[in-house]
Each structure stands twice: as C-alpha cells, then as structure tokens.
**Q** 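Mind looking over this structure? Questions follow.
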Amino acid sequence: QVQLVESGGGLVQAGGSLRLSCAASGRSFSIYAMGWFRQAPGKEREFVARIIWNGGVTHYADSVKGRFTISRDNAENTVYLQTNILKPEDTAVYYCAAADLKLGSRGTTEEDEYDYWGQGTQVTVSS
C-alpha cells in the first residue's frame, strides 16, 4: 500500500501561483508514475499532469501546458505541481495519484491507471 497526502492548496487571485505537494509513504518503492487530477464542482475528474518516477518524463493536459509544472523529489518521495498564471477555471479539488508497477498500472492520463489516491486539496482562483 502507498499513502498519499496532498498539501498547498488555497485561495489565490487570478494570475497568481500555488505549489501543491504530494508526499508518498508506505510501499513507495513500487511507484511507476504519479499524476495530478482535478475535479471542479459539477464536473468529472480530469487529468492534469503526470510524471514517470524514474527518468522524470512528464505529460500535461493542453489546458495547463505552459502554466503548470510537475516535478518530483525522489529522496523525499514527494511530487510537486507548480501552478502559475492561475485562472478562475482552474478552481477545483486537486488530487494526486500513484500507479503501482507491481499491479501493472502504467499511470497514463486515465484514472483507472492509478492505484492510490490522496484526499485532495482545494484550489480556488478568484477573478
């Protein structure tokens, strides 16, 4: 099992920035990839960004490309999402997720490719 705990959400004005963190514990050595998803009120959860744990290859949703950056600290078992030039439409609960290699998950852009989820952190962007 892997436990994930997000932090760093909050209220920010449009154009501002927030840095979200996701700390992994437990069997974190089997993580293949980690991703960030978000869910706005009344909408389905959507993919935001992902990173391959070893190698650091990243992938972003078109809606955040150029504004958000995903990174990881292997020593701290933590993944970050730097969010810049925030827009009101970025308002959502942000979740981090981990794909377990031993379970065969690949951690793509699809929710069902992830095995573990955090509790979420609220990001609210005011206009």
Side-chain angles (χ1 to χ4, degrees):
Q1 284 283 353
V2 175
Q3 293 78 42
L4 303 174
V5 178
E6 301 103 330
S7 60
L11 173 64
V12 63
Q13 289 188 332
S17 301
L18 285 173
R19 189 192 195 204
L20 308 184
S21 300
C22 176
S25 61
R27 204 177 66 183
S28 56
F29 57 86
S30 66
I31 292 175
Y32 173 72
M34 292 190 72
W36 285 95
F37 290 74
R38 65 186 182 186
Q39 187 168 22
K43 295 188 177 181
E44 293 188 352
R45 190 154 57 182
E46 64 176 3
F47 167 78
V48 176
R50 68 186 280 258
I51 187 166
I52 305 300
W53 199 250
N54 291 317
V57 174
T58 60
H59 180 211
Y60 297 93
D62 287 343
S63 60
V64 306
K65 201 172 293 182
R67 299 188 298 123
F68 291 10
T69 303
I70 188 170
S71 62
R72 89 270 190 241
D73 183 328
N74 292 49
E76 296 293 328
N77 288 333
T78 300
V79 66
Y80 302 98
L81 186 68
Q82 178 67 44
T83 65
N84 298 326
I85 318 175
L86 283 162
K87 306 174 182 180
E89 51 264 43
D90 294 317
T91 294
V93 178
Y94 284 70
Y95 298 90
C96 74
D100 193 329
L101 183 62
K102 290 194 173 183
L103 298 179
S105 299
R106 305 303 293 174
T108 64
T109 62
E110 302 296 326
E111 289 187 52
D112 58 7
E113 283 292 333
Y114 293 84
D115 304 290
Y116 311 106
W117 293 81
Q119 81 287 351
T121 186
Q122 176 72 47
V123 171
T124 303
V125 184
S126 62
S127 56

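In this chain, numbering begins with 1 at the start of the sequence shown.
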**Q** Looking only at atom types and distance, does a side-chain atom of E6 sit under 3.5 Å from a main-chain N or O of Q119, one as donor and one as acceptor?
**A**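 Checked: pair present.
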
**Q** Is the number of heavy atoms from other residues, nucleotides or ligands under 6.0 Å of Q13 CD greater than 12?
**A**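 Incorrect, the count does not exceed 12.
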
**Q** Mark yes or no for whether T121, through its side chain, and G9, through its backbone, hold a donor-acceptor pair below 3.5 Å.
**A**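 At least one qualifying donor-acceptor pair exists.
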
**Q** Side chains of D73 and T78: donor-acceptor distance under 3.5 Å anywhere?
**A**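 Short answer, no.
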
**Q** For the side chain of R50 and the backbone of G107, is there at least one donor-acceptor N/O pair under 3.5 Å apart?
**A**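 Side chain of R50 to backbone of G107, a donor-acceptor pair under 3.5 Å: yes, one is there.
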
**Q** Quick one: are Y114 and R106 in side-chain contact, heavy atoms under 4.5 Å?
**A**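 No, every pair of side-chain atoms sits at 4.5 Å or beyond.
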
**Q** Are any side-chain N or O atoms of Q39 and backbone N or O atoms of E44, one a donor and one an acceptor, separated by less than 3.5 Å?
**A**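 No; zero donor-acceptor contacts below 3.5 Å.
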
**Q** Determine, for D62 against K65, whether the closest basic-nitrogen to carboxylate-oxygen distance falls under 4.0 angstrom.
**A**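 A salt bridge links D62 with K65.
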
**Q** Of all residues at least two apart in sequence or in a different chain, which pass the salt bridge (Lys or Arg N to Asp or Glu O under 4.0 Å) check with E46?
**A**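 Partners of E46 under the salt bridge (Lys or Arg N to Asp or Glu O under 4.0 Å) test: R38.
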
**Q** Minimum heavy-atom separation for S30 and K102, please, with both atom names.
**A**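 Reported closest heavy-atom pair: CB-CG, 4.2 Å.
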
**Q** Take T69 and T83 through the side-chain contact (heavy atoms from CB on, under 4.5 Å) test and state the conclusion after the steps.
**A** CA-CA 7 Å; T69 303; T83 65; over 6 Å; no

**Q** According to salt bridge (Lys or Arg N to Asp or Glu O under 4.0 Å), who are the partners of D100, at least two apart in sequence or on a separate chain?
**A**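 With neighbours one apart ignored, the set is R27.
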
**Q** Under 3.5 Å, side chain of T108 to main-chain N/O of E110, donor-acceptor pair present?
**A**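 Answer holds: yes.
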
**Q** To check you understand the geometry: which heavy-atom pair defines the closest contact between A92 and A40, and what is its length?
**A**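 Residues A92 and A40, closest heavy atoms: CB-N, 3.7 Å.
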
**Q** To the nearest 0.5 angstrom, please state how far the CG atom of N84 sits from the CZ atom of R67.
**A**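 It comes to 9.0 Å.
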
**Q** Would you call the rings of F47 and H59 parallel, tilted or perpendicular, where under 30° means parallel and over 60° means perpendicular?
**A**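 Geometry flag for H59 against F47: tilted rings.
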
**Q** Does Y94 sit in a hydrophobic cluster with other residues, and if so which ones, taking ILVMFWY side chains as linked at heavy-atom separations under 4.5 Å, directly or through other members?
**A**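 For the cluster that includes Y94, the remaining residues are V2, L4, V12, L18, L20, I31, M34, W36, V48, I51, W53, Y60, V64, F68, I70, V79, L81, L86, L103, Y116, V123, V125.
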
**Q** Within 45° of the axis and under 6.0 Å from the centre of the six-membered ring of Y80, does NZ or CZ of R19 qualify?
**A**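 Verdict for Y80: a cation-pi partner in R19.
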
**Q** How long is the span from the OG1 atom in T58 to the CD1 atom in I52, to the nearest 0.5 Å?
**A**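 Between atom OG1 of T58 and atom CD1 of I52 there are 9.5 Å.
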
**Q** State, with a plain yes or no, whether a side-chain heavy atom of S17 is found less than 4.5 Å away from one of Q82.
**A**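 S17 reaches Q82 side chain to side chain.
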
**Q** Measure the spacing between CG of L101 and CG of D115 and express it to the nearest 0.5 Å.
**A**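 Result: 10.0 Å between the selected atoms.
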
